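The structure under discussion appears below in the form of structure tokens.
Just so it is clear, the model here is predicted, and its values are computed rather than measured. Convention: sequence-line order gives letters A, B, ...; per-chain numbering from 1.
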Amino acid sequence: MSVPSEEKFVAVLRPHLRFLAPGAPVDWERSLKDLGLNSLSSVNLLVDLEEAFDLTFSDDQLAPESFATARTLWKAVSGGAGPA
Amino acid sequence: MSEPLLETADRLAKVLAEHAASVDAQARFPVEGVRALRESGFLGLLVPRAFGGLEADLPTFSAIAQRLAGSCLSTAMVWAMHCQQVAILVAHAGPELEASLLPRLGAGKVYLASITTDPSNGGDPLVAQSPLLERGANVAFSRESPVVTGGENADGYLLTLKASEAATPAQVVFAYADRAQVELTQVEPWALMGMRGTRNVKLTISGQVPRTQVLGLGGAGPDIVADTLVPMGHIAWASCWLGAARGLLVQMLQALRADPRRRRALASDLLAVKMGDVELKLDAAEVYLRRVVDDYQRVRTSPQGTAELRSYEFHRRLNGLKVLAASTAFAAVDALLEDAGFRGGYLQSAPLPVERVFRDLRSASLMVPNERLLLLNGRTLLMGWGAQ
């Protein structure tokens, strides 16, 4: 697996957030649902993240809670807590 | 289940049946049927007795919708969707709106239309592009809707909006508005193949209402969709569709037995097998419907029920209900039309309304498309969301 960078993570995430204004920063605490991610689109984000970082989400990491915010998703990708 | 209410429903079904053909032919709002439903207290069927309503339980609501739809699917659908809006207001209105509106709903004074579609949300009630605008103690709105059932005839409207100008379209709230609080412009009726009595129109609605008429502030709008709008919508639609197909089956069987010239048909093996098959499939879908109705009644009235109500499994079952009812009801009427033949089914002047029910039920798979719901169910299933 490649070492995840926050910058690359945000670049992969951004196109999946259809309600995030172009150029607006990704708020790490904001509900991804509010930003336009839904049950239909989550799987596409999953596939993009796994390909970008050469990893496979475990069943636990696949839980809907992982997709709650950018921070919870980053934690699933990197095992870390993300920026303060 | 309330027997007196079911008896009233049977009486009302006769009124609906009388006007079903003209409502369809003229593509007009079913004023006679809705008047009869209003006078019988049925517009307040789901309103608590404390507010003057009939406080029927969900199994009674579903059974009534089925009986009414057996006579006129358009009128039943207009009424059932009104009841869906009532259920949202009963469950989620704040104290001021509850005090001012629920007694009027209970008295049957308000026929409600729902406005959840907008030009770019594909009918998804979890997305709204037009914002709620602050106007001191009031809020204002202006939104286009490509399709509103009974839009010209409603006494009140429940519409989805995004919570503010800065909110994203996923931050949905609901606003209630009386007819006198809004202006309708650019009203254009749809020309439909079936369900013509639902009098669907495209319109733009603008208005201003007190802030107390907004539901779902503080991020609770999507919960209103998950807890009430979706379950009540799927139960209402499924009840109506299955009721329409069942009603036609019953009428065809009665007509067959009543016609001495068709005595030989009663002895036909082929006909017997086909009728047995139609009934079995309707039975199976009705059992599924009853199970969902009972589950929903249980989880929404239990303090521990919220987690189950919002679970992926429960929503897959709700979506499944819609898909199953739509496909089963249409397959049933298609089989009945095949059997009734050209003169008995395909002709508009046939003695039974086979072609009308066929046209009406053709819409079922298209209203929130079956494919979209199966895709949604399959996606969450594949992700392992919601235990199996």
Identified side chain to side chain contact (heavy atoms under 4.5 Å, CB included) partner of B:T168 from the options A:D34, A:L20, A:L17: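 With B:T168 as partner, side chain to side chain contact (heavy atoms under 4.5 Å, CB included) holds for just one option, A:D34.
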Closest approach of A:L40 to B:R379 (non-hydrogen atoms, all atoms of both residues):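 In terms of heavy atoms, the two residues are closest at O-NH1, 2.7 Å.
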Side-chain donor/acceptor of B:W385 to backbone N/O of A:L62, under 3.5 Å: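 Yes, the answer is positive, given that a donor and an acceptor are paired below the 3.5 Å cut-off.
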B:V127 portion near chain A, given a 4.5 angstrom heavy-atom threshold: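 Contact with chain A is through the side chain of B:V127 alone.
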Largest heavy-atom contact set with chain B, pairs under 4.5 Å, which of A:S39, A:G36, A:A21, A:S31: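 When all of A:S39, A:G36, A:A21, A:S31 are compared, A:S39 has the most.
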Sub-4.5 Å side-chain heavy-atom contact between B:M383 and A:S42: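 The answer is yes, as the side chains (C-beta and beyond) meet within the 4.5 Å cut-off.
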